[in-house]
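Reading through the structure tokens given below for one structure.
Lettering follows sequence order; numbering is per chain, from 1.
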Amino acid sequence: MRNLETSTEKAPKPKKEKEPVVEWLLAAGHRACSGCGEALGAKLVMDAAGPNTYVATATGCLEVFSTPYPESAWRMPWIHSLFENSAAVASGIEASLIAQGRDKDVNIIAQGGDGGTADIGIGCLSGMLERGHNILYVCYDNEAYMNTGVQRSGLTPFDARTSTSPSGKLSWGNKTNKKDLPAIAAAHHIPYVATATVGYPNDLMAKVKKALSIRGPKYIQVHVPCPLGWIHPSDMTIEVAKLAVLTGLIPIYEMENGVVTKVRKIGKNRRPAEEYLKVQGRFRHLFAKGADAEEELEKIRQIAEANIKRFGLV
Amino acid sequence: MARPIGTYSKPGSSKANKTGSWRTEKPVFLHDKCTDCRICVIVCPDGIIFGADKIYDPDYDYCKGCGICAKECPVDDIKMVPEVR
Ligand SMILES: Cc1ncc(C[n+]2csc(CCOP(=O)(O)OP(=O)(O)O)c2C)c(N)n1
Ligand code: SF4
Ligand code: SF4
Ligand SMILES: [Mg+2]
């Protein structure tokens with residue numbers, strides 16, 4: 001693993017000109033949209049894990065933008081699984097390394113988007129957690145199937161407009177609230193579950209390092225804004241991610257052996273839910289002229305309120 | 001003879017693709033009030049900011065002009081300007 005202090009707090013001095021301050025393990029040249037939160041999330045996760053890491057990545061933006069043949073942005077052993085089975089492929093990598101006696105001092109990460117994790121890949125994820133593999137699963141939650149054109153997933157938030165949950169005369173958008181996937185992961189009696197966000201990069205990297213220091217299956221869900229699907233300016237990625245936390249809509253916490261052990265308090269910095277919603281086109285219908293959305297907005301405030309109570313955020 | 005299954009690529013070979021051509025705006029680092037916090041280095045989704053000792057710059061070969069660095073700089077030492085080619 002890389003030196004814990006240098007990469008999160010202060011990056012090491014560059015060696016020669018035009019060499020990035022940090023030689024990130026996710027190289028430049030990838031085709032992620034300008035301002036992509038998922039690219040930023042993966043960049044941070046990989047650097048926290050370090051070069052001795054095997055990575056299996058599910059189909060989705062992360063895989064597509066990083067590996068247009070014959071190029072690859074990854075600077076570590078990396079494999080593209082199918083859409084649904086990065087957890088199973090990583091399980092096989094672990095079994096193989098153990099059989100070869102090469103499983104010491106290496107990390108194994110399985111990763112995917114929210115669709116690949118919460119919906120189509122949930123069976124393989126559950127199997128991986130149940131079998132007790134020494135693997136970290138990272139879910140990059142951009143709250144829809146972005147790579148195929150913004151279809152809703154089990155992690156799409158309430159009332160968000162997507163191409164399969166359109167807003168209009170008969171609909172306010174997505175009818176369901178986010179599936180509680182961290183709780184589902186924790187219900188497998190695994191040692192470590194955490195939520196994180198690119199809005200707080202140092203916290204994300206610290207959680208990846210902590211997870212990798214623990215033996216057994218681990219699950220981290222990273223909230224990653226998608227300027228294209230959420231419809232916000234590309235420079236707003238970090239700000240939108242922070243607002244999600246400060247409104248209480250995305251609680252940031254750690255669970256160890258099934259118990260919540262740490263939460264990111266929002267305290268006096270708490271913001272009204274509308275501040276988060278208004279900066280994103282996917283919620284614009286709630287504020288359109290003549291839209292009588294007060295009842296809907298109240299439901300969203302209640303979701304934030306429930307998170308705040310449940311995790312003691314203020 | 002062992003044969004590879006599927007396809008494989010060289011690590012980091014995506015650098016062959018210069019994404020700088022995507023820009024419509026570009027960040028200009030003013031080198032005036034920088035406090036060496038390196039927040040820009042951490043938050044750039046493309047990881048292409050180079051330099052040291054309060055003199056940082058983006059690698060314009062790859063910078064997509066997203067503007068995150070300028071927005072997050074706590075002392076406003078990065079300005080976005082229209083890209084002119
Ligand atoms: C079995 C299968 N079904 C559908 C697809 C098409 N497909 C590719 S990427 C994708 C969406 C990925 O969404 P998500 O996992 O949330 O990742 P994101 O692109 O949002 O990062 C879909 C539906 C596929 N590749 N394989
Ligand atoms: S569509 Fe969204 S997740 Fe996909 S590359 Fe673009 S910004 Fe990133
Ligand atoms: S504008 Fe975006 S891509 Fe360019 S240096 Fe700043 S953060 Fe990086
Ligand atoms: Mg997604």
Side-chain angles (χ1 to χ4, degrees), chain A residues 7-14 16-44 46-47 51 65-80 198-199 201-202 205 224 227 233-239, chain B residues 4-27 29 34-74 78-80 83:
Chain A
S7 51
T8 36
E9 302 306 332
K10 276 222 157 183
K13 294 273 153 68
K16 57 178 198 273
E17 246 208 314
K18 274 226 180 183
E19 202 163 285
V21 179
V22 178
E23 194 64 75
W24 300 97
L25 290 166
L26 183 67
H30 61 67
R31 275 76 160 172
C33 301
S34 179
C36 173
E38 190 169 69
L40 174 56
K43 180 192 98 164
L44 298 168
M46 292 309 129
D47 199 67
F65 73 59
S66 64
T67 53
Y69 186 75
E71 293 163 21
S72 169
W74 305 89
R75 290 193 167 115
M76 63 242 286
W78 181 95
I79 185 169
H80 171 213
V198 290
N202 288 351
M205 293 177 81
V224 291
S234 60
D235 64 348
M236 288 283 286
T237 298
I238 301 279
E239 193 154 319
Chain B
I5 301 169
T7 56
Y8 57 96
S9 311
K10 286 218 173 79
S13 49
S14 59
K15 291 201 85 167
N17 183 45
K18 305 258 166 104
T19 50
S21 62
W22 297 13
R23 268 195 319 275
T24 55
E25 278 186 279
K26 74 172 179 185
F29 285 53
C34 178
T35 61
D36 225 12
C37 71
R38 300 189 194 180
I39 286 175
C40 57
V41 173
I42 302 270
V43 297
C44 170
D46 295 84
I48 43 87
I49 293 173
F50 66 95
D53 301 328
K54 303 185 181 178
I55 307 288
Y56 296 97
D57 280 295
D59 185 339
Y60 290 120
D61 281 352
Y62 299 100
C63 168
K64 294 170 184 167
C66 69
I68 294 179
C69 54
K71 183 126 200 151
E72 296 305 319
C73 173
I78 307 171
K79 287 272 169 295
M80 297 303 290
E83 178 68 62

Roughly how far apart are B:Lys15 NZ and A:Glu71 CD, rounded to 0.5 Å? 12.5 Å
Interface check, chain B: of A:His80, A:Glu239, A:Met76, most non-hydrogen pairs under 4.5 Å belong to A:Glu239
Supply the atom-to-atom distance A:Ser34 OG to B:Ile68 CD1, rounded to the nearest 0.5 angstrom. 7.5 Å
Between NZ on residue B:Lys10 and CZ on residue A:Arg75, distance to nearest 0.5 Å: 14.0 Å
If you count heavy-atom pairs within less than 4.5 Å of chain B, which of A:Ser66, A:Pro227, A:Pro70 leads? A:Pro70
What one should report as the nearest heavy-atom pair of A:Tyr69 and B:Tyr8 is CE1-O, 4.2 Å
Most contacts with chain A, counted as non-hydrogen pairs under 4.5 angstrom, among B:Asp46, B:Thr19, B:Ile39: B:Asp46
Please rank B:Asp61, B:Thr7, B:Asp57 by heavy-atom pairs under 4.5 Å with chain A and give me the top one. B:Thr7
So, A:Ser72 side chain and B:Ser13 main chain: donor-acceptor pair closer than 3.5 Å or not? no
Less than 4.5 Å to any heavy atom of chain B: does that hold for the side chain of A:Glu38, its backbone, both, or neither? neither
Closest heavy-atom contact between A:Trp24 and B:Val41? CZ2-O, 3.4 Å
Could you tell me which non-hydrogen atom of A:Ala28 sits nearest to which non-hydrogen atom of B:Ile48, and how far apart they are? CB-CG2, 3.3 Å
Is there a donor-acceptor contact under 3.5 Å from the side chain of B:Lys71 to the main chain of A:Thr237? no
One should read off an interatomic distance between B:Lys64 NZ and A:His30 NE2, to the nearest 0.5 angstrom, of 4.5 Å
Top contributor to chain A interface from B:Gly12, B:Cys63, B:Pro11, B:Gly6 [non-hydrogen pairs under 4.5 Å]: B:Gly12
Sort out for me which of B:Gly67, B:Ala70, B:Pro45 touches chain A most, counting heavy-atom pairs under 4.5 Å. B:Pro45
Less than 4.5 Å apart, any side-chain heavy atom of B:Val43 and any of A:Val198? no
Looking only at atom types and distance, does a side-chain atom of A:Lys43 sit under 3.5 Å from a main-chain N or O of B:Cys44, one as donor and one as acceptor? yes
Top residue by heavy-atom pair count (under 4.5 Å) with chain A, among B:Ser14, B:Cys69, B:Ala16, B:Cys66? B:Ser14
